[in-house]
Amino acid sequence: MSEQQQEHPAPGAAVVVDEDVLEAPDRGSADELLDAGAHDPDDAMRHSAAHVMAEAVLALFPDARLGIGPAIRDGFYYDFDLPRPLTPEDLAEIERRMVDSVAADHVFVRRELDPDAGRAYFAGRGQDYKVEILDDLRSAARAAGQPEPVVSTYEHGPFTDLCRGPHVASTSHIGPFKLLSVAGAYWRGDEKRPMLQRVYGTVWATQEELDQFLWRREEARKRDHRRLGVKLDLFSFHDVSPGSAFWHPKGQRLWRTLETAMRELQDRRGYLEVSTPQLVHRKLWEQSGHWQHYSDDMFKLEIEKQTFSLKPMNCPESTFIYKSHTRSYRDLPLRLADYGGLHRNERSGVLSGLTRVRHFVQDDAHIFVRPDQLQDEIQALLGEVRESYGWFGLEPRLTFGTRPDKALGDPTLWARAEEYIGEALRLSGVPYRVKPGDGAFYAPKIDIQIEDALGREWQTATIQADLVMLPERFDLTYVDEHGQEQRPIAIHRAIYGSLERFIGVLTEHFAGAFPFWCAPIQAVVVPIADRHVAAGRELADVLRARKLWVEVDDSDNRMQNKIRVAQEQKVPYMLVLGDREVEARTVAVRRRDGAQEPPVGWDELADRLAAEAEARRP
Ligand SMILES: [Zn+2]
Ligand SMILES: [Zn+2]
């Protein structure tokens, strides 16, 4: 990932356990292929489970050719070249045989063979993929003028694999496990090579941990925003515009509510909103440095023999507005917010719901400050983060990335900026980690992560104190109190980050039951019979006049059905009207969790709900 991509969080940079397959990056080089994935204390057990799985598969399919079987986050996989696709019954049988192998407590024995003997061993068993790895390692060693590497194998019971280890002592050290799924995977991640069958499994030290993992996985499936987005009628995706959401009325309302909340916060903080063009000449990106590092990720167009691109970020355009006036030290901080639509050319194969998109909008802003204002401004920005994440009950976690080795700009200024940011972080009272060298090449930065209801971590917001990219490359200046020209610092900041991604994360975190203040439908009026519909419409108007989003269910459904439909749609309040309520101009209130409240007068209810929406509580 280039530095520019970190400039604002890429829309898909989350650390999540996918619903169907565990996280498993492609491996191409022979070295990567031989890496058992031992980077975490549990990985020796995970990888050992992969060996035991390969033992079982080889017993069932003696002609199976083996790819690789590394440990991955929360589990393991092994790639197999098999005569036919695996069925669920096969997986059950493989699992059963694995249980036997674990019970047999086979010891893992490491052996070393000289290169020729090692190659002959795997060639003699028809294991072409293993031979290919060995041949690659051999040529790499030769090319580097190094001695040919010895071949190490691990053997347990009847099974031997090409492997660098490490492993657990014996198979009985493998805890409770479960095979999860089978997916196609190209050998070495190369679509010109054979498609193998990748079997995923998960293994844990205790049954309790395995049960918890399986629960989280099932829960993640239920909460998947792609499913909920359709069920709650929020958005859809269509192949005419891959990676770009079509926002339905309810999704658009949710979007607007979030945007309005952030705009109000920004208004209070003295932001000025601007809007800058979508289609921008390449010379702008050459000046900012994006063309050199980032142009593969941009959509380009030829117009009148000139190259333009759709903007992947708003940053450089803000400088045109900055430079439209001579700026004095008194004009700073200048806070320019820009909700511009952004496009990034993500490969179609990696697009995924709202979390990996081609078109998105950030609650983006560029704040130009004098160096002596940096600390206060960062502190205020951390206050913005705390306030806005509080609307959702989310606890932000902060990471402070400091000067990388290849940083641009004056080291003294870097040191001073880092000192100011460090002080602002300490004063903010929010816990943070320091990641030395993790800043952007032009800016120390604060990344903000949240943990959702399933314990998954998402990177959302970013605050970067840009010393170089905008200030120097675009020659920004202000006139100080002595009439001298000085360089401002440009702070890049996005609090939600990408609105698309933030909505995707919120949808899963709340499983679609959004907090009242941002719920796309806040209340449904449920007339018990037809004769109550007119009063129901009247009640809805009373609530709409208080800026509440209300619908009337005037369908032929019975009351219980109307309530069930509203509950499935996760509507916070159901307002039930019968003869008595209509007569007294009251309404019986039911909450989405099933709790019921005594009848309340219409105006009193309107006051209460309007205050609740205003308070923006999670
Ligand atoms: Zn191994
Ligand atoms: Zn920016």
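Just follow the structure's listing: the first ligand is 1, and inside any ligand the first atom is 1.
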Just checking, is any N or O donor in the side chain of [X] or [Y] under 3.5 Å from an acceptor N or O on the other one?
X      : Y      : value
His173 : Ser170 : yes
Glu384 : Tyr389 : no
Asp81  : Tyr129 : yes

Can you confirm if the NZ or CZ of Lys300 lies within 45° of the ring axis of Trp291 and under 6.0 Å from the centre of its six-membered ring?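 Here Lys300 passes the 6.0 Å and 45° test against Trp291.
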
May I ask you to determine how many protein N/O/S atoms are under 2.8 Å from the Zn ion (ligand 1)?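 There are 4 of them.
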
Once rounded to 10 degrees, what value does the angle at the Zn ion (ligand 2) take between NE2 (His366) and ND1 (His492)?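 Centred on the Zn ion (ligand 2), the NE2/ND1 angle is 100° (to 10°).
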
Aromatic centroids of Tyr77 and Tyr200 separated by under 6.0 Å: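 Centroid separation for Tyr200 and Tyr77: below 6.0 Å.
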
Step through the shown structure and confirm whether more than 12 heavy atoms of other residues, nucleotides or ligands are within 6.0 Å of NZ on Lys323.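 Enclosed.
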
